[in-house]
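Notes follow the structure.
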Amino acid sequence: MATPAGLERWVQDELHSVLGLSERHVAQFLIGTAQRCASAEEFVQRLRDTDTLDLSGPARDFVLRLWNKVPRKAVVEKPARVAEQEARALLEKNRSYKLLEDSEESSEETVGRVKSHLQKKRKKRKHLRKKCQDEEEEEEEEVSEKGKRKTGGSKQLTEKPESEDEWERTERERLQDLEERDAFAERVRQRDKDRTRNVLERSDKKAYEEAQKRLKVAEEDRKAMVPELRKKSRREYLAKREREKLEDLEAELADEEFLFGDVELSRHERQELKYKRRVRDLAREYRAAGEQEKLEATNRYHMPEETRGQPARAMDLVDEESGAPGEEQRRWEEARLGAASLKFGARDAASQEPKYQLVLEEEETIEFVRATQLQGDEEPSGPPPPTQAQQKESIQAVRRSLPVFPFREELLAAIGNHQVLIIEGETGSGKTTQIPQYLFEEGYTKKGMKIACTQPRRVAAMSVAARVAREMGVKLGNEVGYSIRFEDCTSERTVLRYMTDGMLLREFLSEPDLASYSVVMVDEAHERTLHTDILFGLIKDVARFRPELKVLVASATLDTARFSTFFDDAPVFRIPGRRFPVDIFYTKAPEADYLEACVVSVLQIHVTQPPGDILVFLTGQEEIEAACEMLQDRCRRLGSKIRELLVLPIYANLPSDMQARIFQPTPPGARKASANQRAGRAGRVAAGKCFRLYTAWAYQHELEETTVPEIQRTSLGNVVLLLKSLGIHDLMHFDFLDPPPYETLLLALEQLYALGALNHLGELTTSGRKMAELPVDPMLSKMILASEKYSCSEEILTVAAMLSVNNSIFYRPKDKVVHADNARVNFFLPGGDHLVLLNVYTQWAESGYSSQWCYENFVQFRSMRRARDVREQLEGLLERVEVGLSSCQGDYIRVRKAITAGYFYHTARMTRSGYRTVKQQQTVFIHPNSSLFEEQPRWLLYHELVLTTKEFMRQVLEIESSWLLEVAPHYYKAKELEDSHSKKMPKKIGKTREELG
DNA sequence: CATAAGAAC
């Protein structure tokens, strides 16, 4: 029996060799657990329960060996009843999991299969056992003889080795012996050979003959020895293999018998299984039907040849924001723009003599300096806009006019010659729409292979796909399709597949090598979204073992060198070409109130510049609304003095109908808008001017060249989970284009560990795998998984869906603030904001998902519809994560507990000095919008922290501290959850006073 | 007590 220290070292070594990990506390934990278990089964099961190790593969083997080694301590037995209950629950869980995994079997078939499977294994075990026994007996005889021949002291060798240690030692000795003998024979042979050669060289005939003789003898010796050696070593090898096989089998059987031993199902259980299967099948049918319907709906998209009479569309192929959408899309856009468009000013004002002077006298003017001109190929005047007739002429002509077109052959050659190609081209050069078509024409989609093209935004993926389908003269969803969340418009025939980057990322889960794709094009790479960045790492990896996969990285001018370096110095293909020059103007001096300045500038441009549209970029919704109001207000005052001005506010992903002149106000240093790129947009349609509401100096010195990549800014929980489920364990060394800060990564890992998605070793657990299936944040998915336990998945789904639409549930127009706030307060329920959200959704659902209801209650219809989409998607995924649909029937405690199970990480408690987060002791405040803003309960949980003027908790829920112990006993100790007033004052205070005094 | 974005799965 090994000493405790020796044992620990052994475990550490084993851990290291089996799992590549050497942590002392893990070793100690394993030994400790083994000591407390009554049987190997219990040990295995307990480890499985705690999700400490992923007990498949070599780990289980090692665990069983450990079990054999550990000296048992006295076991504190659980009461028989409790133990039995636990075992039953466990059995149930594992059984239904395994059984349900099989697809089409009936439960009887499953039982039959499992039984015969067990039987086969048992037979095999019997056979192996016998074989091994025979072998051992034979060996024992041999060994005992050998032992007798040797000097004494090896008596124990004649007995069956007691511990594995000894067994291993004898084994090793024997092997060594064998090896030595083999080496000796080899040496003899070699020596004689050498001698012969030497002798031959000397031509000494006599010596030669002698040597020859000796060689013969040696050869014969060896010949006689070899078969014996061979036979012996082979036999030993086989025996060893068999023993190993037996060990494996025993372990497997032990497990399986434990799980399936009494696999005979009761009638009740069988019925339940049947029911579950029925539900699953129904869900499947339902989903299939839904998809069919969706596809049909999207096939109705008919893209008319004519555009809507807008000039100069020729260049505008990429940015379909201003493309020529079909009827359905147009209605969609209009619905979104809604009542937001306003007309004012006199309709026929253009015919009157504009009175600029008057306007400019009233408003303080802003001086701009023309600083630079971004070069274009065309003359500043620009070509005359194509007439409608020209547009009708041919789509192909339009395609030919694109900047990429002249480079078609060169580009295809480059793609043929290089696996990875970086393509640099301004938005509008046609890379997004044309290159996949070129590849298609070139035959990259033969043999059922597909081309993927990723976009960072949903609208982009949709509209580009529509455009390309039209150019190719096929229906959207046939050869060309798009795939975005909630909407898969592809079919079996689809070979050009536009998709959001997140979508492709998800596809890695089902197809880690992207086997069905011949080309992957990552578009808009310069945007550096989190998803594109992760894609880079994964694709680079895939490309290494799939040499025939072509990788294209398309980016606007920024950063192509970086991409090239990342992809092992891949060549960069530059598509020259902004067609129209853009003048860039800067303000002479920095503006203090840039919103005001912006409005003034718009009017200024409106009256002084030739007719054209003005596009204003602002930082947020509120600013946009404010600016609109100001503009409307001023125009109304000016009345017929100026030409008509149509103001169209646009935020989020609303498609725009504006064009040409670009005007860009930017607060120095405060944003993500990349100014250069905006200028790029301007030149796409016609020559334009870009006004920047900051000085040239500020542009050069204060704005960061490019924005910090998203991957370095955001929480990585999701990403880490995804990567882990793709089998990438070593995240610290994952090939990131820009690695995220070490701390962020660590934080994500820690959080996932706390949520039970990863075990001690940083490996994905079963529940982690399930969590990765759900397209929501880890804490949300944990909450959803927990709803099974508290039987309230219906409610939790709603809460999850409502939480994932971003704080935009309540509509709060400036002129009706009081009404809106009243409406909001009407939804309040005791307990907290999560329940309020649940309440809103439930009432909306009861209203038949009506938009009228939303309007009356100051709820944003769009957000609600999105929440419904999310909810439906999540509901569809429930069975995959083995959560049944169930309702709490008004017992909100259960809902709150389930939420706590996911968000125990985000808790705060009231102390003398206000709220503090429980673990980090960070000072936080309830968000003024919260339903608990005035309640100030002692314990609460928050959905997120936002740092504005203070660190605010948004969406808070009142909880009881005891729940934390219930849902996360591994995370909280009873002691830290004692209420503060019962706590003693820390000693330190006295000392501090002394120091102060 | 005092309200700051947006994109995606």
Side-chain angles (χ1 to χ4, degrees), chain A residues 454-462 483-488 499-510 524 527-535 595 617-626 650-654 667 670-673 707 709-711 713-719 721-723 725 771-778 780-781 800-801 803-808 810 812 814 817 820-821 824 833 862-863 866 869-870 872-874 876-877 910 913-915 923-936 944-956:
Chain A
T454 71
Q455 298 290 323
R457 268 173 294 282
R458 293 161 50 90
V459 232
M462 261 167 68
S483 170
I484 57 180
R485 191 185 183 181
F486 308 129
E487 237 178 295
D488 185 11
M499 48 173 50
T500 43
D501 45 12
M503 215 56 191
L504 186 63
L505 212 50
R506 284 268 148 192
E507 280 204 7
F508 268 92
L509 277 177
S510 50
E524 312 291 347
E527 294 210 13
R528 303 296 309 277
T529 67
L530 178 65
H531 291 156
T532 347
D533 269 26
I534 303 290
L535 275 181
L595 203 59
F617 289 90
L618 292 165
T619 52
Q621 182 175 333
E622 245 176 53
E623 269 178 14
I624 294 174
E625 279 171 357
I650 287 172
Y651 19 86
N653 54 3
L654 303 184
R671 43 181 300 132
K672 62 170 193 176
T707 33
E710 192 181 359
I711 195 168
R713 294 184 276 128
T714 44
S715 141
L716 294 177
N718 249 337
V719 168
L721 197 57
L722 185 82
L723 290 179
S725 54
M771 283 163 70
E773 293 271 341
L774 299 171
V776 289
D777 275 342
L780 271 179
S781 43
L803 284 174
S804 38
V805 304
N806 252 341
N807 306 307
S808 45
F810 297 107
R812 200 165 179 267
K814 270 213 177 100
V817 173
D821 285 351
R824 195 165 54 86
D833 300 325
R862 277 214 309 159
S863 306
R866 206 187 129 74
D869 279 343
V870 176
E872 272 168 15
Q873 189 191 28
L874 291 176
L877 289 168
M910 181 56 99
S913 49
Y915 280 110
T923 310
V924 287
F925 301 85
I926 296 185
H927 198 281
N929 271 349
S930 168
S931 62
L932 294 179
F933 185 59
E934 278 161 25
E935 307 263 329
Q936 307 276 330
E944 62 182 353
L945 285 183
V946 281
L947 177 67
T948 51
T949 53
K950 277 180 183 171
E951 197 78 60
F952 285 110
M953 299 179 276
R954 211 144 57 177
Q955 316 292 17
V956 294

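Naming: A, B, ... by sequence-line order, numbering from 1 per chain.
Taking atom NE2 on A:His531 and atom P on B:dG6, their separation rounds to 18 Å, with Å as the unit. For the pair A:Arg954 CZ and B:dA4 P, the interatomic distance rounds to 6 Å; values are reported in whole Å. Between the CG atom of A:Asp533 and the P atom of B:dA7 there is a distance of 19 Å, rounded to whole Å. Remark: P of B:dC9 and CG of A:Leu723 are 18 Å apart, rounded to the nearest angstrom. Distance, A:Arg485 CZ to B:dG6 P: 18 Å, rounded to whole Å. When the C1' atom of B:dG6 is taken as reference, atom CG of A:Asp777 falls 14 Å away, rounded to whole Å. One can place CE of A:Met503 at 15 Å from C1' of B:dA7, the figure rounded to the nearest angstrom. If you measure from atom CZ of A:Arg862 to atom P of B:dG6, you get 10 Å, rounded to the nearest angstrom.
Set against B:dT3, B:dA8, B:dG6, the side chain of A:Glu710 has B:dG6 as its closest nucleotide. The nucleotide whose nearest atom lies closest to any side-chain atom of A:Glu934 is, among B:dC1, B:dA8, B:dA4, B:dC1. The side chain of A:Phe952 has B:dA2 as its nearest neighbour among B:dC9, B:dA2, B:dC1. Comparing atom distances between the A:Thr949 side chain and each of B:dC1, B:dA8, B:dT3 picks out B:dT3 as nearest.
At the heavy-atom level, A:Phe933 lies under 4.0 Å from base atoms of the strands shown. Residue-level contact check: A:Ile484 touches the backbone only, with heavy atoms under 4.0 Å from sugar-phosphate atoms and none from bases. Within 4.0 Å (heavy atoms only), A:Gln873 reaches no atom of the nucleic acid at all. Among the protein residues, A:Thr948 comes within range of the nucleic acid bases, having at least one heavy atom under 4.0 Å from a base atom.
For A:Arg458, a side-chain nitrogen or oxygen approaches OP1 or OP2 of B:dC9 to under 4.0 Å. Regarding contacts with the backbone of B:dC9, a side-chain N or O of A:Thr500 is found under 4.0 angstrom from either OP1 or OP2.
Among residues two or more places apart in sequence or in another chain, the side-chain contact (heavy atoms from CB on, under 4.5 Å) test is passed with A:Asp501 by A:Thr454, A:Pro456, A:Thr529, A:His531, A:Thr532, A:Leu535.
The nearest pair of heavy atoms linking A:Met462 to A:Ile484 is SD-CD1, 3.5 Å.
When atom types are taken as modelled, the side chain of A:Thr714 and the backbone of A:Ile711 share no donor-acceptor pair closer than 3.5 angstrom. In this structure, A:Arg458 contributes its side chain and A:Arg485 its backbone to a donor-acceptor pair below 3.5 Å.
No salt bridge links A:Glu524 with A:Arg457; every basic N to acidic carboxylate O contact stays at or beyond 4.0 Å.
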